Protein chains: 2
Amino acid sequence: MAATKDPRPCSIADALALVGEKYSLLVLREVCLGNGRFDQLVRNIGAPRDILATRLRRLVDAGILTKRTYSERPQRFEYRPTQAGLELEPVLMTLMAWGDRHLRKDDDRPMVIEHICGNELIPVVTCRACGDAVRHEDLTAHPQVPGWAVTGPTAA
Amino acid sequence: MAATKDPRPCSIADALALVGEKYSLLVLREVCLGNGRFDQLVRNIGAPRDILATRLRRLVDAGILTKRTYSERPQRFEYRPTQAGLELEPVLMTLMAWGDRHLRKDDDRPMVIEHICGNELIPVVTCRACGDAVRHEDLTAHPQVPGWAVTGPTAA
DNA sequence: CCGGTGAGTAGGAAATCCGAACTCACCCTA
DNA sequence: TAGGGTGAGTTCGGATTTCCTACTCACCGG
């Protein structure tokens, strides 16, 4: 009867349960770009329409998107990010930078993000307390739940 | 015959094609924590063994993990992150912070990461050029590929 | 009236996922 | 040397999801 199957409790897993399904983060990308209409999403993402409808419902339920009417008669909608959705944008930026660096030759980046400072955005994840860029060797994990120790947080 | 179905070219999509499948990022989490053995992964992630085997193959092929033998006779292996894998860790940290903030009540975080500076790690994504924290309103997207304009990069 | 657009639904085939059981090679120990 | 245990998977059939195409429904514009 004992639950021998529950995995490590973890906010990464919880977050992925919401936005980790296929296309979900691409929906967020398009919505952050301002392309929030159903047919735009279908075209830009390349997802089947029914799957997209399912994802949109889920993201709205989760409070990551809102569905706004921009035209009554004919009824037309637009999806937009909520505050919570916008706060996921850094994840997208970091992922994009990783993809640009590791998945592409040289400078054939399909999209460049410009920061308000005038330069191209190259996202760097830093520690809020000291401001330094986060490096694996500088981290130590402290599980808060008994029974979920880690063997060695850092392993070069 | 024309390809009317290709979605927006994008490094986010490319990155997700590699690490966006179910469990892939959780594998990376465990491996970064130092838990790189097959049965540990099965337990900590809660994935079916065959799916896990498939994911591991894919991540190794993609150069995100390496499979190291830590014991000949009996043959025993351990998966470890490569440099490319380690560079995905910031994505995990950012995602974890988002989950902690939006998916949990107060302070029941299942895991706390300590930075070498002595404080708890709260990851902040910043612009490499100016050092400021990245906010949606400060970004402008510039697609590099004709035909993939965005309607409005910023839309509050 | 005709064709077009936006926002989906419907239906069945194809691909994935899942859990449990199985293998195989080895070690321990009695 | 027989029995049990562990690590690292593979194999199985069945349950779920995804995918694709077509369809709807409401409206608009000419």
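Every chain is numbered from 1 and lettered A, B, ... according to where its sequence line falls, protein lines coming before strand lines. What you see below is based on every heavy atom in this structure, not just the backbone, and it leaves out hydrogens, waters and symmetry mates. What you see is a predicted model; the values in this text were computed from it and never measured.
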**Student:** Between A/Leu52 (CG) and C/dG8 (C1'), how many Å, whole number?
**Tutor:** 10 Å
**Student:** Go along nucleotides 22-30 of chain C 5' to 3' and tag each nucleotide: B for a protein heavy atom under 4.0 Å from its base, S when only backbone or sugar atoms are that close, - otherwise.
**Tutor:** ----SS---
**Student:** Without decimals, in angstroms, what is the distance between B/Glu78 CD and D/dG7 C1'?
**Tutor:** 13 Å
**Student:** Please tell me which of the listed nucleotides, C/dC17, D/dT11, C/dG8, lies nearest to the side chain of B/Asp50?
**Tutor:** D/dT11
**Student:** Does a salt bridge link A/Glu30 with B/Arg8, judged by any charged N lying under 4.0 Å from a carboxylate O?
**Tutor:** yes
**Student:** Whole Å only: how far is the CG atom of A/Leu56 from the P atom of C/dA7?
**Tutor:**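 That distance rounds to 10 Å.
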**Student:** Could you check whether B/Ser11 and A/Arg104, counting side-chain N and O atoms only, form a donor-acceptor pair closer than 3.5 Å?
**Tutor:** yes
**Student:** So does B/Glu21 pair up with B/Arg58, basic N to acidic O under 4.0 Å?
**Tutor:** yes
**Student:** Salt-bridged, A/Glu78 to A/Arg80, with N to O below 4.0 Å?
**Tutor:** yes
**Student:** Give the nucleotide from the list D/dG9, C/dG8, D/dC20 with an atom nearest to the side chain of B/Lys67.
**Tutor:**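 In terms of side-chain proximity for B/Lys67, the closest of D/dG9, C/dG8, D/dC20 is D/dG9.
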**Student:** Choose from C/dG6, D/dA8, C/dG19 the nucleotide whose nearest atom is closest to any side-chain atom of B/Pro48.
**Tutor:** C/dG19
**Student:** Would you kindly give the CG-to-P distance between B/Leu65 and D/dA8, to the nearest whole Å?
**Tutor:** 14 Å
**Student:** Starting the side chain at C-beta, find the nucleotide from C/dA7, C/dC18, D/dC19 nearest to A/Ile51.
**Tutor:**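 Out of C/dA7, C/dC18, D/dC19, the nucleotide with an atom closest to A/Ile51's side chain is D/dC19.
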**Student:** Rounded to whole Å, please give me the gap between NZ in A/Lys22 and C1' in D/dT16.
**Tutor:**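 After rounding, the gap between these two atoms is 15 Å.
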**Student:** Which residue lies toward the 5' end of DNA chain C, A/Arg57 or B/Glu21, if each is placed at its nearest nucleotide?
**Tutor:** A/Arg57
**Student:** Between atom OH in A/Tyr70 and atom C1' in D/dC27, what is the gap in whole Å?
**Tutor:** 12 Å
**Student:** Whole angstroms only, please: what is the CD-P distance between A/Gln40 and C/dG8?
**Tutor:**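 Rounded to the whole Å, the gap is 13 Å.
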